[in-house]
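Numbers here are sequence positions counted from 1.
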Amino acid sequence: MGRRKKIVEQCERLMDKPEQIRNIAIAAHIDHGKTTLTDNLLAGAGMISSETAGEQRAMDTEEDEQERGITIDAANVSMTHEYEDTDYLINLIDTPGHVDFGGDVTRAMRAVDGALVVVDAVEGTMPQTETVLRQALREGVKPTLFINKVDRLINELQEGPEEMQQRLMDVIRDVNELIRGMNEEKYEEGWKVSVEDGTVAFGSALYNWAVSMPSMQRTGIDFGDIIEMNRGDNVDELKERSPLSNVVLDMVAEHFPNPVDAQPERIPNIWRGDADTQLAEDMQLVNKDGEVVLMVTDIGIDPHAGEIAAGRVFSGTLEKGQELYVSGTAGKNRLQSVGIYMGGEREEVERVPAGNIAAVTGLKDAIAGSTVSSVEMTPFESIEHISEPVITKSVEAKNMDDLPKLIETLRQVSKEDPTIQIEINEDTGEHLISGQGELHLEVITQRIERNQGIPVTTGEPIVVFRESIQHATDTVEGISPNRHNRFYLTAEPLEQEIVEKIKLGDVSMDMPEQDRREELQEAGMDKDTSQNVEEIHGTNILIDDTKGIQHLNETMELVVEGLEEALDEGPLAGEPVEGTLIRLEDARLHEDTIHRGPAQVIPAVRHAVHSALVQGEVKLLEPIQDVRIDVPNEHMGAASGEIQGRRGRVDDMYQEGDLMVVEGIAPVEEMIGFASDIRSATEGRASWNTENAGFRVMADNLQREQIMDIRERKGMKLELPEAVDYI
């Protein structure tokens, strides 16, 4: 215990020196070695034994993470490192690599200033490498690169120094191409990774050695020596002369920004409040004596302490007993304890000042993404998750007595993980849980059973569809039940670029009107339309093109409510509508308030929106996934057959090392059960990866059957709206 206590004391001593703090995340494609790398960093800091580092997976604290051998939850740890006679406090987050848990990566990026991207030397950059880089750059987080598993190039592929250097340079080039494509400005500012600058390191997390240009100059080790030591079974000497933790943590201390340099750039990027206030200055200057501002990026449950909120302190100092506001909720929450993370365990400390990552208890109203502060303030930009839920399962308690506890647990789950959506139907007693993929839902339901002791039965996976209009419509009339109010509107498809901007959070109703207008015009919307945006709901926009209609101002709230109801449940199968622009062109309203209440306006608008969608040939969209399969040559036919047999399309096949790579796309619905099928088709020799790739219009010959299936499942009438003849 003495050693741990000493580390906590060192951390506390350095917390007040923001210049010596580095907040970093380790991010990569699944199985590229993040958690093994983290183990070695912990061992280097003296937190776990160096003998078991690499196999212990200390950051995978949950039982199911150890069983499955993958990281499911982002885990935080604070450690210290000495570099050039200065001590540094490094707050590190180990993030998951599996696409289903990408939400954890996005949230972790909000808390850190630097991302150590890990790439497997043999596999090179993969789809998820691209995703984590995009998440980092969108949050203004600086990347560096660690190329892992270099020992495989030497021992398995038997490469010589020239071949090996060529392969490593290819990986670096690919990563730089991605950085440049995502943020040219930062790339030109020097965010590209390079061996000469020392922002690239190579090594083997499994065997605990690494090298970088500065370390090679210091130790005199070159690629020839590395090959010789690996082939001569002399890896221990390499580990001693150039241990991984020193090389990587030196790179972290030297090349990642500290909070004092990072926050002035990051605050304008993630906060839309008034830049001229004292609060804005406190956050930019990392003022520990300013008002408290904490951005919660993660919620976890401790069986003893209850709910723990972890996040970045941007200003002020957190102390036990403080009464703080949580954005979007009334009243204040009182901090019960303040601490820092040491892997799976939390160590309580007296205080945590600005610039650090803290773990606190007592914020009962906070969810992942909340802004917590000592004064009421504009909250931070919401954390936009790149992918949306595409698969749903129903969850029911086996024993009726467990029902209240199950409902409570499901609410808790959606609080901890905002990429999970929970729908509780009080009438049918059915609970629907939607997530990023099969594994995501499997893990959540297992944890409900294991951690809460609630036996549950889950239904078959249901895929989430969308509905979308295909062409512009003429004016449609919506009449209220009392026939005194009429609304006239048209609908048209939105430009794909505008839909993308809404999904990424670049366009929203929370932003200043001028900024929103500029963003919409940049994406192709004409000036007049962009000035009349009344509401954005999902990826749909309502435009108010009316002129001087009496009483419309006070009725507009009900119009928006009717619109939202219509878009949440489209006319075909009650699925959400996306990518539609609705123009309100005219309205006739009764002058008496009593005759234009909710019971009149909402049905009229809902009916008009649905009629317009039907007239614009609304169609069902199905979610699709990019699929990549790495497989030995002789199984290539079987692998591509698996994609094609699932209504998929093979886009590319090429050789990479001794494996063939098959790339294509397939509908999510057809990919259910893919894991077991691909294993048996390729005798277990394929590795694969899927990435959600948005929605596409479903083939015409499948539309009707699919719509009827969904309507039947939801208990809707089996007759389609009258005008839907074209299906």
Side-chain angles (χ1 to χ4, degrees), residues 3-26 41-42 44-47 76-93 108 110-116 140-142 144 198 214 245-246 248-267 278-295 297 310-320 322 335 337-343 346-360 373-374:
R3 175 81 187 133
R4 189 185 199 95
K5 199 162 182 211
K6 199 167 158 201
I7 294 173
V8 174
E9 280 169 8
Q10 281 177 319
C11 291
E12 284 192 272
R13 202 177 65 246
L14 292 167
M15 274 181 189
D16 283 317
K17 301 176 177 165
E19 289 82 4
Q20 284 155 253
I21 294 173
R22 300 289 182 272
N23 295 311
I24 69 163
I26 294 191
L41 301 183
L42 295 181
M47 295 173 72
N76 305 25
V77 64
S78 298
M79 59 177 96
T80 58
H81 174 67
E82 190 181 323
Y83 171 66
E84 291 185 347
D85 301 327
T86 305
D87 280 335
Y88 290 89
L89 167 59
I90 295 169
N91 296 315
L92 178 147
I93 305 180
R110 181 59 64 91
V112 299
D113 307 314
L116 179 61
V141 169
K142 183 182 179 180
T144 63
S245 59
N246 287 0
V248 171
L249 293 177
D250 285 358
M251 180 165 81
V252 166
E254 172 70 31
H255 292 287
F256 280 142
N258 62 46
V260 179
D261 294 336
Q263 284 186 203
E265 284 211 6
R266 291 206 63 205
I267 295 301
Q278 182 62 46
L279 188 68
E281 192 178 306
D282 285 346
M283 289 196 283
Q284 296 203 13
L285 298 178
V286 199
N287 181 4
K288 63 179 184 192
D289 301 318
E291 295 292 352
V292 173
V293 179
L294 164 76
M295 168 90 198
T297 56
R312 171 75 174 261
V313 188
F314 283 105
S315 151
T317 300
L318 291 176
E319 288 173 22
K320 185 177 167 177
Q322 281 171 332
L335 286 193
S337 73
V338 178
I340 55 174
Y341 269 114
M342 291 279 158
R346 195 172 45 96
E347 291 287 338
E348 290 195 11
V349 294
E350 291 294 308
R351 44 193 279 288
V352 178
N356 285 283
I357 293 175
V360 298
S373 53
S374 50

### Query
Side chains of Leu14 and Ile21: closer than 4.5 Å at any heavy-atom pair?
no
### Gly355 versus Pro259, closest heavy-atom pair with distance
O-CG, 3.5 Å
### Message
So, taking the atom named OH in Tyr88 and the one named CD in Glu19, what distance separates them when rounded to the nearest 0.5 Å?
### Response
10.0 Å
### Task
Would you check, one step at a time, whether the test side chain to side chain contact (heavy atoms under 4.5 Å, CB included) holds for Leu116 with Ile26?
CA-CA 5 Å; Leu116 179 61; Ile26 294 191; 4.2 Å; yes
### Message
Looking at every non-hydrogen atom in both residues, tell me the closest pair between Pro18 and Val260 and how far apart they are.
### Response
CB-CG2, 3.6 Å
### Query
Between atom CG of Asn287 and atom CZ of Phe314, what is the distance when rounded to the nearest 0.5 Å?
15.0 Å
#### Entry: Donor-acceptor pair, side chain of Gln322 and main chain of Glu319, under 3.5 angstrom
yes
### Query
Are Arg13 and Asp87 ion-paired here, with the side-chain N under 4.0 Å from a carboxylate O?
yes
### Task
May I have the step-by-step check of side chain to side chain contact (heavy atoms under 4.5 Å, CB included) for Val286 and Ser315, ending in yes or no?
CA-CA 5 Å; Val286 199; Ser315 151; over 6 Å; no
### Message
How close do Cys11 and Ile340 get, counting heavy atoms only, and between which atoms?
### Response
CB-CD1, 3.9 Å
### Donor-acceptor contact present, side-chain Gln263 to main-chain Met283, <3.5 Å
yes
### Query
Step by step, would you call Asp16 with Arg351 a side chain to side chain contact (heavy atoms under 4.5 Å, CB included)?
CA-CA 10 Å; Asp16 283 317; Arg351 44 193 279 288; 3.1 Å; yes
### Query
How many angstroms lie between atom CD of Glu254 and atom CD of Glu84, to the nearest 0.5 angstrom?
6.0 Å
### Query
Is there a donor-acceptor pair under 3.5 Å between the side chain of Arg312 and the backbone N or O of Met295?
no
### Query
In Å and rounded to the nearest 0.5 Å, what is the CE to CD1 distance from Met251 to Ile24?
8.5 Å
#### Entry: Carboxylate-amine/guanidinium contact Asp261 Arg266, below 4.0 Å
no
### Query
Under the side chain to side chain donor-acceptor pair (under 3.5 Å) test, which residues partner His81, sequence neighbours left out?
Asp250
### Message
Tell me if a side-chain donor or acceptor on Thr317 pairs with a main-chain N or O of Lys288 at a distance below 3.5 Å.
### Response
yes
### Query
Can you tell me how far OG1 of Thr297 sits from CD1 of Ile357, rounded to the nearest 0.5 angstrom?
7.0 Å
#### Entry: Under 3.5 Å: donor-acceptor pair, side chain of Asn356, backbone of Ala358
no
### Message
So for atom CD, which belongs to Glu350, do other residues, nucleotides or ligands contribute more than 12 heavy atoms lying within a distance under 6.0 Å?
### Response
no
### Criterion side chain to side chain contact (heavy atoms under 4.5 Å, CB included) against Gln20, the qualifying member of Thr80, Thr86, Leu89, Asn258
Thr86
### Summary
Between Ala253 and Tyr83 the two heavy atoms that sit nearest each other are CB-CD2, 3.8 Å
### Query
For Arg22 and Asp113, what are the C-alpha separation, side-chain angles and deciding distance, and is it a salt bridge (charged side-chain N to carboxylate O under 4.0 Å, His left out)?
CA-CA 7 Å; Arg22 300 289 182 272; Asp113 307 314; over 6 Å; no
### Query
Does Glu82 CD have over 12 foreign heavy atoms under 6.0 Å away?
yes
### Query
Is a donor on one side and an acceptor on the other found under 3.5 Å between the side chain of Ser373 and the backbone of Val293?
no
### Message
To the closest 0.5 Å, what do you measure between CG (Leu318) and OG (Ser337)?
### Response
10.5 Å
### Query
Nearest heavy-atom pair of Asp282 and Gly290: which atoms, and what distance?
OD2-CA, 3.4 Å
